[in-house]
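I have placed the structure first, in the form of structure tokens, so that the comments after it can refer back to it.
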Amino acid sequence: MKQSVEERLRQALDDLISAGKLPESVASLTIQVEETRDKQHGDFASNLAMILTKQAGMPPRQVAQALTEAMKPDPAIEKVEIAGPGFINFFLSNARFFEVIEEVMQKGTHYGESNLGQGQRVQVEFVSANPTGPLHVGHGRGAAYGDSLSRLLKLTGHDVHKEYYVNDAGRQMNILAASVWLRYLELSGESFTFPSNGYKGTYVNEISEALKQRVNRKYFVTASDVFRDIPADEPAGGDKEAHIDALVNRCRSLLGPEGYLDVFDAGLNSILDDIRDDLESFGITYHEWFSEKSLAPRIQSALTVLKDNGHLYEQDGATWFRSTTFGDDKDRVVIRENGEFTYFASDIAYHHDKFQRGFDRVINIWGADHHGYIPRVKAALTALNLDAAKLDVKLVQFAILYRGETRVQMSTRSGSFVTLRELRDEVGNDAARFFYVTRKTEQHMDFDLDLAKSESKDNPVYYIQYAHARICSMLRKLQESEGRLPDAVDPASYARQLTDEAEKTICAMLARYPEVINTAAGNLEPHQITHYLKELAGIFHSYYNSQKVLVEDASLRTARVRLSLATRQVLANGLNLIGVTAPDVM
RNA sequence: GCGCUCGUAGCUCAGCUGGAUAGAGCAUCGGCCUUCUAAGCCGAGGGUCGUAGGUUCGAGUCCUACCGAGCGCGCCA
């Protein structure tokens, strides 16, 4: 519908240019047409005349007049009006609105698809939480967003590759391994003060328990041997970092390379399995789980490229990347004085690898606390002679958790946190996914757990699902009485039968769906879909209350049933896009 | 101090990339079930869009400066 209006304006514009009434320069102008908010202004409106004012050298209303006169007649357009400061308002022919019903029915689950992405290869990396503990509710938002975005991109013609970057190397993982081992020693009868900076969650005990079952006393060492000459922990007046690092080193030396790796993997694999299982239950699967450890051999080669390009230098015994050349606040260390690579060095190698894999576009979904990394990662890409513009980093603000009035402190280390699994168990997958994705990512979000848990009744997701279930229920009733659902009829019949204003509104809404999808995909904003669905469900509920669908008159009934079928289809398509089920019965 | 993300109804949030009189949902108040699911519908009240300037035909949207919130500014990950 919108397209006919655009075509007509384009034609008028071109004609005026060839007639010499408008300068050549305006030919490249993109024509803006929008749906009117107020139907007194017609169905669609364009601001074209006002944009042209300056270059045409005429007042806007006069430009509008010229455009209107140049327009050839179009069967889809019933009336054109000039209004306000110079808007051109289009009134479409009635029959046009109802064509969408059969279009939706014909395309079914494919309705809304587009070729916006033109087969572009897009990588979406999301969640990528450290495998040092179960996912918590903060990760849930990135998970729901990343997955919905991926579905959206796939639907709009992108070749999507979903990836989880597993931080299975580094200090935190070593602390986890040490924590597992220490709990194992406790289970084996030793007693000591657990390090304040160790991982204290109960899941660690479970891993240690399983380890004990498997290896029995193979890794046993007495507590006095473990803690001999270890610097004091913070509660004892020492430094907690030094304390835990010393324990990690002691763990390594006492267990030997093989034993240490066994304990390390016990922790890593158990937690990774748990995360994978958690996400799968949440409706999220990945194409690839990319191991940071596997990157080790390639870190040096990435740094070599930087070095060859002249962007590395030595200072204070460390190797630095001159990221300030590319707009970063300060230069960054890539190889520490002790010879170890920094986390950033891995990140350079990872992004180097991503780009070498040939993606046209790379989307990183990060927690908002990582925003400071964007300049340095982009700097690294540029320094590697790669196109940093292909990298898009979306920051997801953390949800601030409340339990009633009190704020919930979240720390993976202390073990006092709400897991994603707990949230899913309490509010359900549908509510959780919908809730997470219903606001835009940059927006802070207050999340009252008590409210969310008790909210099941008020949660907007039910409102939409209910609309879907209602239609299903109605159709079941018709199946019973008629034995079948009506087939397609001539669009002209819809125009004759569907005279209620609400019916036209619903059709206009259905017709807008593909555009909503494209805008949402283009802006990486799946939240637009949830708002669209709420609106569609709303007008349908309202219609349902004012008009009976299953009326005696067969022609009218058929038209209304087909309209309902189309609405159901779009609701289902939209819900599926955000990973929410569309139930037949509620 | 510098940087990033924000500031819209009592609360939680939209606002279609600059358009016509700023919208929903909760919450509050008043109505609607002998009729396809009341998990629903209809109506009412509620706003200096953080503040002040600027850009233009036109600003919640763009630019600048302040105010306020959250986060970041390690040879941590």
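Order of the sequence lines fixes the chain letters, A, B, ..., with proteins taken first and strands second; residue numbering starts at 1 for each chain.
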Measuring only the C1' atom in each nucleotide, how far is B:U5 from B:C42? A whole number of Å is fine. 41 Å
I want to verify the glycosidic state of B:C13; is it syn or anti under the 90° rule? anti
Would you mind reading off the distance between A:F435 atom CZ and B:U12 atom C1', rounded to a whole angstrom? 8 Å
On the side chain of A:N47, is there an atom forming a donor-acceptor pair with the base of B:G19 - under 3.5 Å, no angle test? yes
So, using salt bridge (charged side-chain N to carboxylate O under 4.0 Å, His left out) as the criterion, who are the partners of A:K354 when residues are at least two apart? A:E125
Between B:U8 and B:G43, how far apart are the P atoms? Round to whole Å, please. 27 Å
If I take atom CZ in residue A:R560 and atom C1' in nucleotide B:C36, what distance separates them, rounded to the nearest angstrom? 12 Å
Dot-bracket assigned to RNA chain B with the 3.5 Å Watson-Crick/G-U criterion, [ ] for crossing and | for other-strand pairs, is (((((((..((((.....[...)))).(((((.......))))).....(((((..]....))))))))))))....
Cation-pi between A:R439 and A:Y436: NZ/CZ under 6.0 Å from ring centre and within 45° of the ring axis? no
Base orientation of B:U55, syn vs anti, 90° cut from 0: anti
The side chain of A:N545 lies closest to which of these nucleotides: B:C16, B:C13, B:C41? B:C41
What nucleotide, of B:G74, B:G19, B:U35, holds the atom closest to the side chain of A:K330? B:G74
A:R557 bridged to A:E552 by N-O distance under 4.0 Å: no
Answer yes if the side chains of A:Y199 and A:Q172 hold a donor-acceptor pair under 3.5 Å, and no otherwise. yes
Kindly assign one of parallel, tilted or perpendicular to the pair A:Y544 and A:F540, based on the angle between their ring planes and the thresholds 30° and 60°. tilted
Under 6.0 Å from the NZ atom of A:K394, do we count more than 12 heavy atoms belonging to anything else shown? yes
Would you call A:H527 stacked on B:A14, i.e. ring centres under 5.5 Å apart with the planes less than 30° off parallel? no
In whole angstrom, give me the gap between the P atoms of B:A52 and B:C67. 15 Å
